[in-house]
Asks: 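Quick one: the structure is below, questions incoming.
Start at 1 and go down the list; that is how both ligands and their atoms are numbered. Along the sequence shown, the residues carry numbers beginning at 1.
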Amino acid sequence: MFSAKSLFQEILDDDESFRLFCSIAAGGESQGGWENGRISALVPRSERAMAPKIARHGADEDKHARIFDALLKKRGLTPVPVPPETDYTMLLERAGIGLAHEKLERDEPLTVRDVIVYLAHSRVTEQRASEQMEMLRRYFGDHPEVGRAVRMISGDEDNHLAYAHEELLRFAAAGHGRLIQRTLRECALAEIRVYRDVSLAVTALMGRVLGWSRARSAALAAGVHAVYAYERLAGWHRMVSLRMPERRNALGGPATPAPEYA
Ligand SMILES: [Fe+2]
Ligand SMILES: [Fe+2]
């Protein structure tokens with residue numbers, strides 16, 4: 001009846017659904033950019049060495065937001081406001097995952113514990129981002145309109161994930177293992193719920209825009225629930241393991257520029 005590929009093809013082919021998809025994606029990316037920018041500014045003195053990498057992480061996310069905006073512009077479209085029920089980043093924050101915006105808005109330095117919470121949040125959410133982009137790259141990596149953007153973002157998300165693994169392992173070696181494991185678990189269990197809720201909300205919106213039949217919408221919603229059931233049972237474990245990445249210091253050095261999307 002449908003595959004992930006045909007689903008995304010359909011979303012890509014229709015201006016209204018493409019507009020919604022890019023707007024939601026750009027919104028999440030720019031929030032991520034802001035969060036990382038603030039965290040890099042507030043890093044405690046003992047972790048100063050991380051600041052440029054966190055800033056680079058933020059610069060990458062801001063670049064992704066600009067890429068999604070540019071994809072819209074290329075088609076002569078403007079962004080639409082992000083419906084709150086599809087706002088993954090905000091919903092995670094509301095669930096108490098990661099660092100509260102209230103804390104990031106203050107000008108007080110973070111603690112080492114805050115930095116660990118931030119990294120655990122990144123470990124989990126970048127896994128999601130990396131898997132999603134990997135799927136898009138598999139299907140649309142050669143697509144004339146979105147292929148380049150998809151490949152670039154996908155490579156960056158892989159780097160973010162590698163960096164989160166590496167930094168968390170460093171903190172684990174320094175004696176923070178229990179805090180890390182506890183935080184990762186809490187974060188992963190909340191993330192899979194938020195991901196389910198956002199997926200249901202996006203599916204419902206896309207169904208309306210693209211005029212899906214009730215049967216099709218119901219089948220897609222059932223698919224989302226099935227993914228959640230699997231993730232709750234076993235899948236979440238993949239989000240809490242730590243392994244030294246092949247690519248070390250993935251965020252050392254400046255961001256790869258994307259002048260064509262500036
Ligand atoms: Fe991103
Ligand atoms: Fe990322």
Asks: What is the number of protein N, O or S atoms that sit under 2.8 Å away from the Fe ion (ligand 2)?
Replies: 5

Asks: Using atom types as modelled, flag every donor-acceptor pair under 3.5 Å from a side chain in residues 77-91 to any protein atom, sequence neighbours excluded.
Replies:
{"unit_1": "T78", "atom_1": "OG1", "unit_2": "R19", "atom_2": "NH2", "d": "3.1"}
{"unit_1": "T86", "atom_1": "OG1", "unit_2": "P83", "atom_2": "O", "d": "2.7"}
{"unit_1": "D87", "atom_1": "OD1", "unit_2": "Q31", "atom_2": "NE2", "d": "2.9"}
{"unit_1": "D87", "atom_1": "OD1", "unit_2": "M90", "atom_2": "N", "d": "3.1"}
{"unit_1": "D87", "atom_1": "OD2", "unit_2": "Q31", "atom_2": "NE2", "d": "3.3"}
{"unit_1": "Y88", "atom_1": "OH", "unit_2": "E191", "atom_2": "OE2", "d": "2.6"}

Asks: Which of parallel (below 30°), tilted (30 to 60°) and perpendicular (above 60°) describes F68 and F21?
Replies: perpendicular

Asks: Do R123 and Q127 have a side chain donor and acceptor closer than 3.5 Å?
Replies: yes

Asks: Looking only at atom types and distance, does a side-chain atom of E167 sit under 3.5 Å from a main-chain N or O of L119, one as donor and one as acceptor?
Replies: no

Asks: Using the rule that two of Ile, Leu, Val, Met, Phe, Trp, Tyr join whenever any of their side-chain heavy atoms come within less than 4.5 Å, decide whether L251 and I39 are in one cluster.
Replies: yes

Asks: Check whether more than 12 heavy atoms from other residues, nucleotides or ligands sit under 6.0 Å from atom CZ of R170, and answer yes or no.
Replies: yes

